[in-house]
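Remember, predicted model here, so these are calculated numbers, not experimental data.
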Amino acid sequence: MPSAFATNMRFKFSILAIFLEVLIIILFGIFVRYENTQPTTKDIFLYPFFQDVHVMIFVGFGFLMTFLKKYGFSSVGINMLIAALGLQWGTLMQGFWHMEAQKINIGIKSMINADFSTATVLISFGAVLGKTSPVQMLIMTILEITIFSCNEHLVVKVLGATDTGASMTIHAFGAYFGLSAARILYRPGLKEGHKNEESVYHSDMFAMIGTLFLWLFWPSFNSAMAHADLQQRTIINTYFSMAACTLTAFALSSLVEHRGKLDMVHIQNATLAGGVAVGSCADMSIYPLGAMLIGSIAGLISVIGFKFLTPFFFSKLKIHDTCGVHNLHGLPGLLGGLASIIAAMAHVKLGETSPSAPMQAAALGCTIGIALVGGAFAGLVLNLPFLGQPPDENCYNDSVYWEVPAEETRPAGQFGDYGDHRTVNINM
């Protein structure tokens with residue numbers, strides 16, 4: 001790594017990070033107050049949900065992106081950096097829409113919502129993983145959470161749409177925001193691939209740890225903000241959707257891969273698609289049958305996306321989606337939005353006024369449109385040369401930004417690389 005580049009980035013990153021934290025502390029001092037002086041029973045009840053979501057954000061998302069053989073430090077470390085900044089900024093941005101007496105009152109619920117806003121950026125991070133600097137990711141976090149909060153307010157408060165598990169407002173938004181940014185940040189120099197954009201046996205095992213944490217805690221993610229009377233239903237629907245999705249993903253992975261072998265990319269990602277897809281209607285009376293149908297379709301489209309759409313997006317549309325977030329979050333998020341429209345049309349929500357199908361459709365359309373425009377804007381900002389985008393040869397390499405053990409910096413293949421099924425075949 002060129003020393004001038006390293007030194008330049010050292011000061012840019014440190015100054016920006018300190019500036020943002022000082023700004024946030026000042027804003028918290030002015031606006032933020034405790035919601036209650038004494039915790040209520042509801043707050044105590046929500047805390048286990050918060051713990052589960054928190055683990056998903058810091059462990060699940062972080063380790064899911066450790067598949068790159070020389071980018072594990074950055075995957076987990078920058079994930080933690082984004083989350084720490086995002087939960088603070090998200091508290092402010094979401095709180096500004098719900099101020100009382102010019103103050104933002106915070107409690108366990110607002111902490112969960114702040115984690116949700118952070119999840120949006122972590123999804124987008126997967127689309128540009130390995131090709132951006134920490135400085136760029138700090139800027140992206142600020143921009144995306146600001147735009148996300150506006151879209152969420154539009155969907156939930158203005159349109160009155162139902163999106164309990166956030167298939168639309170988090171997953172679809174984060175995916176298409178990231179894809180749009182990735183299109184603007186496209187690098188012609190990487191169109192033939194990169195030697196470090198591949199996995200080895202142990203890196204895929206670490207990524208599978210992230211999958212398992214996400215899989216186990218996804219019912220909490222979808223049900224944390226559900227009405228208390230509907231939380232059990234939301235948990236049950238998510239539980240069975242993910243189970244059905246997993247079986248379908250395994251089956252289709254074997255079907256589409258050479259010689260019927262399973263592809264670890266599919267297992268790490270497509271098995272989670274059911275949790276994404278059922279989110280928008282998880283609190284509706286779709287019954288386990290409906291949840292399992294949604295999960296099965298989600299597993300199907302996710303595997304197909306990894307097998308066929310990712311190479312197409314890369315070679316034809318010049319969208320380099322490192323982690324395949326379109327297949328795990330984008331397509332299942334769209335499916336979740338469509339499922340909520342169908343459920344609303346069927347008037348199957350019990351105990352409450354049924355959500356409006358036109359408003360569900362408007363929420364989905366607005367979310368995708370705002371995500372694409374917002375992502376393009378963020379991409380233009382991140383493309384500014386002084387933000388320190390790493391040179392092509394330094395992509396997917398921890399040693400650009402981290403102190404790395406000496407043996408890990410030796411030439412690729414010296415200790416035996418297993419190759420990688422993730423490398424995009426642009427001749428497909």
Which atom pairs, one a donor and one an acceptor, fall under 3.5 Å between side chains of residues 13-20 and the rest of the protein, sequence neighbours left out?
unit_1, atom_1, unit_2, atom_2, d
S14, OG, R10, O, 2.9

Handout entry: D321 side chain to F314 backbone, donor-acceptor under 3.5 Å
Key = no
All N/O donor-acceptor pairs, side-chain side in residues 362-385, below 3.5 Å, sequence neighbours left out:
unit_1, atom_1, unit_2, atom_2, d
T367, OG1, N151, ND2, 3.3
T367, OG1, A363, O, 2.7

Practice task
Please tell me if the side chains of N105 and R33 come closer than 4.5 Å, counting only heavy atoms from C-beta onward.
Solution key: yes
Practice task
Verify the neighbour count for atom CZ of F96: are there more than 12 heavy atoms of other residues, nucleotides or ligands below 6.0 Å?
Solution key: yes
Practice task
Please answer whether the main-chain N or O of P390 pairs with a side-chain N or O of N394 as donor and acceptor at a distance below 3.5 Å.
Solution key: no
Exercise for the section: State, with a plain yes or no, whether a side-chain heavy atom of N327 is found less than 4.5 Å away from one of V303. Expected result: no
Practice task
Count the heavy atoms belonging to other residues, nucleotides or ligands that lie under 6.0 Å from CE of M208, then report whether that count exceeds 12.
Solution key: yes
Exercise for the section: Report the residues that fulfil salt bridge (charged side-chain N to carboxylate O under 4.0 Å, His left out) with R187, sequence neighbours left out, ordered by chain and then residue number. Expected result: D392
Practice task
Verify the distance criterion only: is there a donor paired with an acceptor across the side chains of W89 and T146 at less than 3.5 Å?
Solution key: yes
Completion exercise
Across all chains, not counting sequence neighbours, the side chain to side chain contact (heavy atoms under 4.5 Å, CB included) partners of T248 are S296, L300
Problem - A181: side chain to side chain contact (heavy atoms under 4.5 Å, CB included) partners, not counting sequence neighbours - result: none
Practice task
Would you check if T162 and M284 make a side-chain contact, meaning some heavy-atom pair closer than 4.5 Å?
Solution key: yes
Fill in the blank from the handout: Residue pairs passing the side-chain hydrogen bond (donor to acceptor under 3.5 Å, both in side chains) test with at least one member in residues 336-345, sequence neighbours excluded, are S340-Q360
Practice task
Please lay out, stage by stage, how F240 and V278 fare under the test side-chain contact (heavy atoms from CB on, under 4.5 Å).
Solution key: CA-CA 10 Å; F240 284 107; V278 80; over 6 Å; no
Practice task
For T238 and P219, indicate whether the former's side chain and the latter's backbone hold a donor-acceptor pair under 3.5 Å.
Solution key: no
Practice task
For a side chain to side chain contact (heavy atoms under 4.5 Å, CB included) with F213, tell me which candidate from L64, V55, D52 qualifies.
Solution key: V55
Fill in the blank from the handout: By ring-ring contact (aromatic ring centres under 6.0 Å, His included), H54 pairs with (sequence neighbours left out) F50, F58
Exercise for the section: Please check if the side chain of Q268 supplies one atom and the backbone of D204 the other of a donor-acceptor pair under 3.5 Å. Expected result: yes
Practice task
List in chain and number order the residues that pass ring-ring contact (aromatic ring centres under 6.0 Å, His included) with Y71, two or more places apart in sequence or in another chain; answer none if no residue qualifies.
Solution key: none
Practice task
Look only at the side chain of R183 and the backbone of L317, and say whether a donor-acceptor pair between them is shorter than 3.5 Å.
Solution key: yes
Exercise for the section: Give a yes or no answer on whether the side chain of S110 reaches the backbone of G107 with a donor-acceptor pair at less than 3.5 Å. Expected result: yes
Exercise for the section: List the steps, then state whether ring pair (Phe, Tyr, Trp, His ring centres under 6.0 Å) holds for F313 with H326. Expected result: CA-CA 10 Å; F313 272 39; H326 185 232; 4.8 Å; yes
Practice task
Return yes if some donor-acceptor pair links the side-chain N/O of S167 with the main-chain N/O of G333 below 3.5 Å, else return no.
Solution key: no
Practice task
Provide the full list of salt bridge (charged side-chain N to carboxylate O under 4.0 Å, His left out) pairs with a residue in residues 122-150, sequence neighbours left out, each pair given once.
Solution key: none
Exercise for the section: Check whether any side-chain heavy atom of M137 sits under 4.5 Å from a side-chain heavy atom of F125, and report yes or no. Expected result: yes
Problem - Heavy-atom check, side chain of M65 versus side chain of C323, under 4.5 Å - result: yes
Practice task
State whether the side chain of S241 and the backbone N or O of G274 hold a donor-acceptor pair below 3.5 Å, judged by distance alone.
Solution key: yes
Exercise for the section: May I ask you to check whether over 12 heavy atoms, not counting those of Y239, lie within 6.0 Å of atom OH? Expected result: no
Practice task
Mark yes when over 12 heavy atoms from residues, nucleotides or ligands other than Q232 sit less than 6.0 Å from its CD; otherwise mark no.
Solution key: no
Problem - Min side-chain heavy-atom separation M264-I267 under 4.5 Å - result: yes
Practice task
Side-chain contact test, heavy atoms from C-beta onward, threshold under 4.5 Å: evaluate it for E152 versus M168 and give yes or no.
Solution key: no
Handout entry: Step-by-step ring pair (Phe, Tyr, Trp, His ring centres under 6.0 Å) determination, H329 to Y176
Key = CA-CA 9 Å; H329 301 279; Y176 288 103; over 10 Å; no
Exercise for the section: Classify the ring geometry between H266 and F306 as parallel (under 30°), tilted (30 to 60°) or perpendicular (over 60°). Expected result: tilted
Problem - Stepwise side-chain contact (heavy atoms from CB on, under 4.5 Å) check, I112 with I108 - result: CA-CA 6 Å; I112 295 174; I108 302 298; 4.3 Å; yes
Exercise for the section: State which residues pass ring-ring contact (aromatic ring centres under 6.0 Å, His included) with F49; sequence neighbours excluded, sorted by chain then number. Expected result: F45
Practice task
Give a yes or no on this: more than 12 heavy atoms of other residues, nucleotides or ligands lie within 6.0 Å of atom CE of M205.
Solution key: no
Exercise for the section: Spell out, as yes or no, whether a donor-acceptor pair under 3.5 Å connects the side chain of S315 to the backbone of P311. Expected result: yes
Exercise for the section: Tell me yes or no: between the side chains of D283 and T234, is some donor less than 3.5 Å from an acceptor? Expected result: no
Practice task
State, with a plain yes or no, whether a side-chain heavy atom of F177 is found less than 4.5 Å away from one of T120.
Solution key: no
Exercise for the section: Apply side-chain contact (heavy atoms from CB on, under 4.5 Å) to K12 and F386, showing your working. Expected result: CA-CA 9 Å; K12 285 181 180 179; F386 61 85; 3.9 Å; yes
Problem - S133 side chain to Q136 backbone, donor-acceptor under 3.5 Å - result: yes
Handout entry: Neighbour count >12 (heavy atoms, 6.0 Å) for atom NZ, K157
Key = no
Practice task
Could I get the full list of side chain to side chain contact (heavy atoms under 4.5 Å, CB included) partners for T118, not counting sequence neighbours?
Solution key: I57, A83, L87, L122
Exercise for the section: Using the side-chain contact (heavy atoms from CB on, under 4.5 Å) rule, take L92 and Q88 through it: C-alpha gap first, then chi angles, then the decisive distance, then the call. Expected result: CA-CA 7 Å; L92 292 169; Q88 297 177 80; over 6 Å; no
Exercise for the section: Please report the closest heavy-atom contact between D398 and G72, naming both atoms and the distance. Expected result: OD2-N, 3.1 Å
Handout entry: Which residues share a ring-ring contact (aromatic ring centres under 6.0 Å, His included) with F116, sequence neighbours left out
Key = F221
Problem - Donor-acceptor side-chain pairing of W97 and S149 below 3.5 angstrom - result: no
Completion exercise
On a heavy-atom basis, the closest approach of G299 and A273 is N-CB, 4.5 Å
